[in-house]
2 protein chains.
Amino acid sequence: MENTRALFQIMTRRFGLLNKNCCSVGGCDISLTQSHLLYEIDVQHNPSMQQIAETLGTDITTFSRQVQSLIKMNLVRKMPDPTDRRIFTLSLTAEGKMIATTIDQQMNDYLEEVFSYMTEFEKESVLRSVAILNEAMGKSSRCCAPVKG
Amino acid sequence: MENTRALFQIMTRRFGLLNKNCCSVGGCDISLTQSHLLYEIDVQHNPSMQQIAETLGTDITTFSRQVQSLIKMNLVRKMPDPTDRRIFTLSLTAEGKMIATTIDQQMNDYLEEVFSYMTEFEKESVLRSVAILNEAMGKSSRCCAPVKG
DNA sequence: TATAGTAGTTGTAAGATGCAAGTATATAAT
DNA sequence: ATTATATACTTGCATCTTACAACTACTATA
């Protein structure tokens, strides 16, 4: 195996393709960006728009429009914050929650399939390694800094 | 750590942000897509347009324009194949090679920084795990199939 | 030689993105 | 209390990205 970067380049491309292909639920096609958005709204507790936009590294104006389209699709709800009327908090509708859960399930299913090509020991090692990697990337000063998790 | 998907979701987002921020060389800004393109042309031996487009999972028409803009930037060269005149093979110009190498270096530097937050044992484990992951994803029937490596 | 298939390009139209500038609200300074 | 400054979000553009449809050019097959 050539260099370290090649390893990660291929891995990220594979996940990119995966997300590109695997985000449709029922009749409803969800883009990769939208799927990240739903995921993050689901995970964070009553987040503001700024919070999510920052987490995802998206410009707030772009994000504003992304939220609008998800509201039109009846997947996301936007509520004014009672303590600060500039702020809107985001949450998933029942349908949005269902879609998010389904995507989660699809991804987990896929990952299970991938793990089926490994030994149990390898699987454990991969899971532990990804956790280690996430933690280390979180400590890095350069990029990736704004991402929570 | 919640579920398996969360782990990979965060990892892929981090790499996405990384690529978004870390692909400028000198005055010349390279998009994520362009960086993948340069990488793949560099790695494959005199690939045709179809080959690279397929590897990257990009529509050939989109790809055709991406190549055009890289040619305009004098990073990529397009040569007609002598044995089949429908085919054009791609290669990097000296400048393109330089840019690709620099991006490679930047990514490796960044990865080294990330590894610096780990023990040597963890680093070994992470590298081995990514290789295992790539191989397993390559075997998967679902997505990611067209990607070489 | 006719037919079908493959490689790549261009027309067009839709979507994504982000900067500049705006509104509305909150906080700090005088 | 009033002004100035900062924050949260939206809208108007202008630009870039993307892909389907339709095209040209060439190759392979019948």
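Labels below follow one simple rule: chain letters A, B, ... track the order of the sequence lines, proteins then strands, and each chain is numbered from 1. Excluded from the calculations below are hydrogen atoms, water molecules and symmetry mates; all remaining heavy atoms, backbone and side chain alike, are included.
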Task: Residues in contact with DNA chain C, drawn from residues 59-73 of chain A - heavy-atom cutoff 4.0 Å - done: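 The answer is D59(A), T61(A), T62(A), R65(A), Q66(A).
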Value in whole Å for how far the [atom2] atom of [N] lies from [atom1] of [X]:
{"X": "D29(A)", "N": "dA19(D)", "atom1": "CG", "atom2": "C1'", "value": "14 Å"}
{"X": "L32(A)", "N": "dT17(C)", "atom1": "CG", "atom2": "C1'", "value": "15 Å"}
{"X": "M49(A)", "N": "dT23(C)", "atom1": "CE", "atom2": "C1'", "value": "15 Å"}
{"X": "I87(A)", "N": "dA6(D)", "atom1": "CD1", "atom2": "C1'", "value": "13 Å"}
{"X": "K78(A)", "N": "dA8(D)", "atom1": "NZ", "atom2": "P", "value": "15 Å"}
{"X": "L17(A)", "N": "dT18(D)", "atom1": "CG", "atom2": "P", "value": "13 Å"}
{"X": "Q34(B)", "N": "dT18(D)", "atom1": "CD", "atom2": "C1'", "value": "14 Å"}
{"X": "D81(A)", "N": "dA24(C)", "atom1": "CG", "atom2": "P", "value": "19 Å"}

Test side chain to side chain contact (heavy atoms under 4.5 Å, CB included) applied to [X] - qualifying residues, sequence neighbours left out:
{"X": "M98(A)", "value": "T102(A)"}
{"X": "T58(A)", "value": "L56(A), T62(A), F63(A), Q66(A)"}
{"X": "S64(A)", "value": "M49(A), Q68(A)"}

Task: side chain to side chain donor-acceptor pair (under 3.5 Å) partners of S125(A), counting only residues at least two apart - done: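 Scan of S125(A) (side chain to side chain donor-acceptor pair (under 3.5 Å), adjacent residues dropped) gives S129(B).
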Task: Cluster link M137(A) to M118(B), ILVMFWY, side chain under 4.5 Å - done: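 Yes; M118(B) is reachable from M137(A) via cluster members.
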- [ ] Heavy atoms under 4.0 Å is the rule here; annotate nucleotides 23-30 of chain D 5' to 3' with B where the base is hit, S where only the sugar-phosphate is, and - elsewhere.
- [x] --BBS---
Open item on the list: Under a 3.5 Å cutoff, is there a donor and acceptor pairing between the side chains of N108(A) and E112(A)?
Closed with: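 E112(A) and N108(A) do not have a side-chain donor-acceptor pair below 3.5 Å.
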Could you tell me the separation between the [atom1] atom of [X] and the [atom2] atom of [Y], rounded to the nearest 0.5 Å?
{"X": "D104(B)", "Y": "I99(B)", "atom1": "CG", "atom2": "CD1", "value": "13.0 Å"}
{"X": "T55(A)", "Y": "R13(B)", "atom1": "OG1", "atom2": "CZ", "value": "7.0 Å"}
{"X": "N134(B)", "Y": "F8(A)", "atom1": "CG", "atom2": "CZ", "value": "9.0 Å"}

Task: Pairwise 5' ranking along DNA chain C for F88(B) and T58(A), keeping only the more 5' one - done: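 It is F88(B) whose nearest nucleotide is closer to the 5' end.
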